[in-house]
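Computed from heavy atoms alone, side chains included, the values below leave out hydrogens, waters and symmetry copies.
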Amino acid sequence: MWAASCVASCCAACACEACRSVVSGISRRSARIAYCGLFAMSLIVSWVLREVAAPLMEKIPWINHFHQTPNREWFETDAVLRVSLGNFLFFTILSLIMIGVKNQKDPRDRLHHGGWMMKIVSWCLLVVFMFFLPNGIISFYETSSKFGSGLFLLVQVVLLLDFVHEWNDRWVKKDEQFWYIALFIASLTCYIAAFCFSGLLFHFFNPSGHDCGLNTFFIVTNLIFIFVFAIVALHPVVNGSLLPASVLSLYCTYLCYSGLASEPREYECNGLHNHSKAISTGRLALGLLTTVLSVVYSAVRAGSSTTLLSAPSSPRAGVENPLLPFSKMDEMEEKKEERNRPVTYSYTFFHVIFSLASMYSAMLLTGWSTSVGESGKLVDVGWPSVWVRVVTGWATAVLYIWSLVAPLIFPERDF
């Protein structure tokens with residue numbers, strides 16, 4: 001017994017030392033990756049608790065204080081929301097702490113990039129504490145998450161618009177025939193993919209023998225947007241380009257598909273899952289992995305975007321840094337200048353994006369908190385998810401058209 005206790009103590013000490021080694025090895029360059037890992041871990045914890053925590057939560061008196069015990073799906077949704085709330089508070093607190101950080105001399109810069117053992121412990125304590133909160137607070141967070149998720153999707157759209165315009169400008173500035181041909185091929189490929197994708201949507205989500213007017217409306221509206229993109233972009237007054245129009249067309253078609261695929265499995269017009277009502281654990285894991293990668297990418301790109309946020313710092317004009325310092329004094333001066341260097345992105349906005357992403361991922365994992373029965377076991381399934389995806393596609397179309405016509409309406413403003 002004594003030997004087993006010693007072995008257990010040694011294993012625990014080794015585990016703690018390993019954790020300290022890992023977190024101390026996280027440098028300035030890899031800090032954003034570490035935040036992504038922490039965020040991905042929160043989604044995995046949410047998924048695991050959604051599957052296993054319901055029987056335990058039924059026995060907690062301040063959670064299950066109802067006269068009649070709710071169904072299992074209620075507890076699964078509640079577990080996801082509590083983990084999400086802890087994650088949301090963690091990143092929100094960090095965003096408030098980082099307000100006003102301008103350069104790397106600020107002590108909070110070291111907090112942003114370091115202190116990982118403290119951050120992990122704080123995150124765990126926050127998540128555990130969420131399971132002691134009353135149901136009313138969780139219900140309020142559930143309602144707020146719907147609005148926060150919409151805001152996160154709006155940020156995704158703005159980032160996409162920024163990306164495609166930057167991509168087009170970079171290739172046009174090369175002013176070479178090869179890159180013009182590349183622009184044409186990329187645009188043509190996106191358009192072909194968008195139209196082929198739309199044909200598949202008609203095949204899978206408008207089956208014969210059923211009245212699927214709503215699905216037809218979604219698909220036809222998306223096709224109208226595709227033609228409007230091309231017409232507006234090619235208008236001589238607008239002086240636009242086909243590449244952004246084609247990429248946005250493909251993205252809007254994907255959003256249309258994503259919304260239609262989120263329709264309940266028992267819906268007769270959802271032909272994609274007409275013959276398979278059940279979903280395997282492997283497919284569920286794949287869907288969750290896709291969600292994690294999508295949310296993490298959006299959060300990282302939004303947090304580090306130099307277009308939405310501050311521009312990256314540039315070295316001083318006319319000053320060249322030697323490869324090796326000439327003396328200790330030069331080395332100390334170089335380190336001092338490095339500490340005074342402005343930050344390359346907004347730490348506050350970076351953490352705000354993760355906060356919004358926490359809300360968005362909670363809605364995905366709970367079917368926007370309305371899934372019941374079989375759909376409650378799936379990721380991102382239910383009519384609220386359908387409408388959120390479709391409306392996001394419409395918002396993307398409106399924002400892109402506005403980005404083309406706004407300079408004509410307000411010529412004195414810089415867009």
Side-chain angles (χ1 to χ4, degrees), residues 8 12 15-16 19-20 23 34-98 111 115-149 151-152 288 291-292 295 299 351-372 376-377 379:
C16 291
C19 290
R20 278 195 293 268
V23 298
Y35 282 116
C36 293
L38 183 60
F39 178 77
M41 183 178 69
S42 72
L43 299 189
I44 295 174
V45 171
S46 298
W47 181 33
V48 171
L49 290 181
R50 192 186 73 160
E51 300 299 317
V52 303
L56 299 176
M57 295 179 65
E58 291 178 359
K59 301 176 182 178
I60 300 178
W62 58 86
I63 294 179
N64 186 13
H65 58 77
F66 306 99
H67 296 294
Q68 183 177 359
T69 301
N71 56 23
R72 184 183 181 89
E73 284 76 17
W74 187 91
F75 290 101
E76 292 172 349
T77 298
D78 192 70
V80 172
L81 289 172
R82 289 176 185 272
V83 176
S84 173
L85 178 56
N87 206 45
F88 169 80
L89 291 176
F90 174 79
F91 285 108
T92 300
I93 292 172
L94 283 176
S95 69
L96 294 175
I97 293 175
M98 298 299 162
L111 176 61
W116 284 99
M117 180 61 73
M118 177 189 65
K119 289 175 184 175
I120 293 174
V121 172
S122 301
W123 180 84
C124 293
L125 291 177
L126 271 174
V127 171
V128 171
F129 178 69
M130 295 304 103
F131 286 85
F132 292 90
L133 295 180
N135 293 332
I137 297 178
I138 306 302
S139 178
F140 175 77
Y141 175 72
E142 174 188 347
T143 303
S144 303
S145 294
K146 292 180 172 63
F147 297 97
S149 300
L151 185 57
F152 177 76
L288 180 61
T291 299
V292 169
V295 172
H351 293 297
V352 166
I353 292 302
F354 274 105
S355 298
L356 297 177
S358 300
M359 292 181 166
Y360 177 65
S361 60
M363 293 295 98
L364 294 183
L365 287 169
T366 60
W368 297 82
S369 302
T370 58
S371 295
V372 294
K377 295 292 185 181
V379 175

By side-chain contact (heavy atoms from CB on, under 4.5 Å), which residues pair with Ser355, not counting sequence neighbours? Phe88, Phe91, Thr92

Output the distance between atom CD (Glu73) and atom CZ (Arg50), rounded to the nearest 0.5 Å. 10.0 Å

What's the separation between atom CD1 in Ile137 and atom OG in Ser144, rounded to the nearest 0.5 Å? 11.5 Å

Verdict with supporting geometry, Phe90 and Val127, side chain to side chain contact (heavy atoms under 4.5 Å, CB included): CA-CA 9 Å; Phe90 174 79; Val127 171; over 6 Å; no

Within the structure provided, determine whether Val45 and Trp123 are in side-chain contact (heavy-atom separation under 4.5 Å). yes

Closest approach of Asn87 to Ser42 (non-hydrogen atoms, all atoms of both residues): ND2-OG, 3.2 Å

Over all atoms of both residues, closest heavy-atom pair of Leu81 and Ala362: CD2-CB, 4.3 Å

Can you sort out the partners of Leu56 under side-chain contact (heavy atoms from CB on, under 4.5 Å), two or more places apart, ordered by chain and number? none

Which distance, rounded to the nearest 0.5 Å, do you find between the CG of Asn135 and the CH2 of Trp62? 11.0 Å

Roughly how far apart are Ile120 CD1 and Leu125 CG, rounded to 0.5 Å? 12.0 Å

Compare every heavy atom of Arg82 with every heavy atom of Phe132, then report the nearest pair and how far apart it is. N-NH1, 4.4 Å

About how many Å separate CZ of Phe140 and OG1 of Thr143, when rounded to the nearest 0.5 Å? 7.5 Å

Under the criterion side chain to side chain contact (heavy atoms under 4.5 Å, CB included), I'd like the reasoning laid out for Ile97 against His351: C-alpha separation, chi angles, the key distance, then a yes or no. CA-CA 10 Å; Ile97 293 175; His351 293 297; over 6 Å; no

Without swapping roles, check the side chain of Ser84 against the backbone of Ser358 for a donor-acceptor pair under 3.5 Å. yes

Rounded distance [0.5 Å steps], NZ in Lys119 versus CG in Leu126: 14.0 Å

For Tyr35 and Phe354, take the angle between the two ring planes, folded into 0 to 90°, and tell me which bin it lands in: parallel under 30, tilted 30 to 60, perpendicular over 60. tilted

Looking at Met359 and Gly148, what are the two nearest heavy atoms and their distance? SD-CA, 3.5 Å

Suppose we screen for side chain to side chain donor-acceptor pair (under 3.5 Å). Which residues come up paired with Ser149, at least two apart in sequence or across chains? none

4.5 Å side-chain heavy-atom contact, Val80 and Trp47: no

Does the side chain to side chain contact (heavy atoms under 4.5 Å, CB included) test come out yes or no for Glu142 and Asp78, once each step is laid out? CA-CA 9 Å; Glu142 174 188 347; Asp78 192 70; over 6 Å; no

Evaluate side chain to side chain contact (heavy atoms under 4.5 Å, CB included) for Ile63 paired with Trp74, printing each intermediate quantity in order. CA-CA 11 Å; Ile63 294 179; Trp74 187 91; 4.0 Å; yes

